Number of protein chains: 2
Amino acid sequence: MVNKLQHASNCADCNCKVSIFKNLSPLELALINSSRFQVSYKAGEIIFKQGTPSPYFVCVTSGLAKIYIEGYGKNLILALIKPVDYIFGPGIYVDNRHYYSASAVEDCQACLVDVAIFKKLIRENPDFAEEFIKRVSLQSIFNFDQVISLTQKQMHGRIADVIFYLSDKIYCQNPFELTISRQDLADLSGMSKESAIRILKEFKEEGILTLSGNTLEVLNPKQLRQISETG
Amino acid sequence: MVNKLQHASNCADCNCKVSIFKNLSPLELALINSSRFQVSYKAGEIIFKQGTPSPYFVCVTSGLAKIYIEGYGKNLILALIKPVDYIFGPGIYVDNRHYYSASAVEDCQACLVDVAIFKKLIRENPDFAEEFIKRVSLQSIFNFDQVISLTQKQMHGRIADVIFYLSDKIYCQNPFELTISRQDLADLSGMSKESAIRILKEFKEEGILTLSGNTLEVLNPKQLRQISETG
DNA sequence: CAAAAAAATTGTTTTATATCAATTTATTAT
DNA sequence: ATAATAAATTGATATAAAACAATTTTTTTG
């Protein structure tokens, strides 16, 4: 609790600053801090909806969120967002609308900052602008990998990719507690939840992983890598 | 021929300047112009390969090119590039590598500009930087639409989307001359070329379009839109 | 704690789509 | 022009994956 309050007290003391804000001066950081306010979301709550105006830069400071496109009858999860990362969609520089929705997967806290201040800093600080472009680029590269996985691999390969994403990029440990639902797993890998469940079961039966309750452990990462690569 | 030489003579006189370069001063444009050189590509030739270093900003000044990801055994075409548009991948601000390949679909001419000069202008001219971010954002939004089409629509809907892309965004006329191959059509819509051909045939039989030789005319855009939307 | 609701699991059936193989048409080179 | 090569087309078959339906497990709520 004390931690949370400290956390909220000032951008300069927040671990946010090690991230995209690393190129900001104390003065610039103070500007962000002055316009910032903090919001809590319960698991399942919507943070913003696709199509709505986008007045804030959202920085997730605790919990886990997902960003997802609401498509034709089902959702595609573009990414999971964990602390300290931000949500900043492509609409900001186009028509100020969200092109995807965001919601809390676990209980979340987030700091919201006025987009105008963010844009002002992009114009005034070239290092910050470059860092921002770099991050947008990394996101694009990630999306390229994702679209190739989704369109050119069969279900086993896609589930393998999602498991690596979760263990390497999101939970960052090997036996990890799966805090997303099977439906989310399906929405990450572009298949029905029934198919996702069946493939997890197969992987269990083949000894590639264990999954008891929601604790998933990858036992044979080599074989899983192989499955990822052979589609 | 005279036209081509004029075209090549100076960035300031080139129609490139109405595009992303609109925010550059004459001096900045002259800087680009001084480092620029022009290259011709025959149809089918590779402009650059995925994975190779990316020292140039490529501006297509005539013809038609494609950018495509070489995936697991097949290609995914991300976009067709027509004059005057540029090719500038996400690797520039990451590791200076190409994350997709580019090749000429029709005979092409392109101007190459040193990436370092481009990056310098991004740092020095905030209007140019904003315009660049806006274009990167538009590309992202386009990719979102594409990935939803590819992962959530059936083949008929995907082919409908590609036909609209070609007639509205690329050839920009209604009876249009299809200069891309059936394989390209398949690589745009994420299916086998046999399937792409079969669906075109169905659309012909249903009177939605005519396709004689390579001249394609959309006869019933409303019905085609319907097919696009119902997946 | 019991009841209700939601999520996960399993089996069966249907269908969309790829693959394979053969043929025709168009393009290129001699 | 003609042969050789590549691209497009068509049909038949195989299969990956969704949809549907039913059941079990887990979570939430009164």
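Letters go in sequence order (proteins before strands), and every chain restarts at 1. The model shown is predicted, which means the values in this text are computed figures rather than measured ones. In what follows, every heavy atom counts, from backbone to side chain, and hydrogens, waters and symmetry copies are set aside.
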task: Report yes if the side chains of B/V136 and A/Y93 come closer than 4.5 Å at any heavy-atom pair, otherwise no.
output: no
- prompt: With under 30° as parallel and over 60° as perpendicular, where do the rings of A/Y171 and A/F176 fit, or are they tilted in between?
  reply: parallel
query: Roughly, in whole Å, what's the span from CG in A/L150 to P in D/dA17?
result: 12 Å
task: Could you check which of D/dA18, C/dG11, C/dT17 has an atom nearest any side-chain atom of A/R198?
output: C/dG11
field: Length of the CG-P vector between A/N214 and D/dT27, whole Å
entry: 7 Å
task: To the nearest Å, give me how far apart CD (B/E202) and P (C/dT17) are.
output: 11 Å
field: Nearest listed nucleotide, side chain of B/E194, among C/dA8, D/dA21, C/dT19
entry: C/dT19
- line: Contacts of A/Q154 and B/I197 projected onto DNA chain D by closest heavy atom; the upstream (5') one is B/I197
Between D/dA8 (C1') and B/L200 (CG): distance, integer Å: 11 Å
- prompt: Whole-Å distance between C/dA7 C1' and A/K193 NZ?
  reply: 8 Å
query: Does the A/R182 side chain pair with the main chain of A/K193, one donor and one acceptor, at a distance under 3.5 Å?
result: no
message: Around atom NZ of A/K74, are there more than 12 heavy atoms from other residues, nucleotides or ligands closer than 6.0 Å?
response: yes
- prompt: Backbone N or O of A/H98 within a donor-acceptor pair of the A/S54 side chain at under 3.5 Å?
  reply: no
statement: Considering only heavy side-chain atoms of A/S192, the closest of D/dT10, D/dA18, C/dA8 is D/dA18
message: In this structure, how many angstroms lie between the C1' atom of C/dA18 and the CD atom of B/Q183, rounded?
response: 13 Å
Separation of atom CE in B/M191 from atom C1' in C/dT19, rounded to whole Å: 15 Å
- prompt: With respect to the side chain of A/K201, which nucleotide from D/dT9, C/dG11, C/dA8 is positioned closest?
  reply: C/dG11
query: Can you tell me how far P of D/dA17 sits from NZ of A/K74, to the nearest Å?
result: 12 Å
message: Does B/G190 reach a base, just sugar-phosphate, or nothing at all? Heavy atoms under 4.0 Å.
response: sugar-phosphate
- request: Look at B/S195 and C/dA18 and indicate whether a side-chain polar atom (N or O) is within less than 4.0 Å of OP1 or OP2.
  value: yes
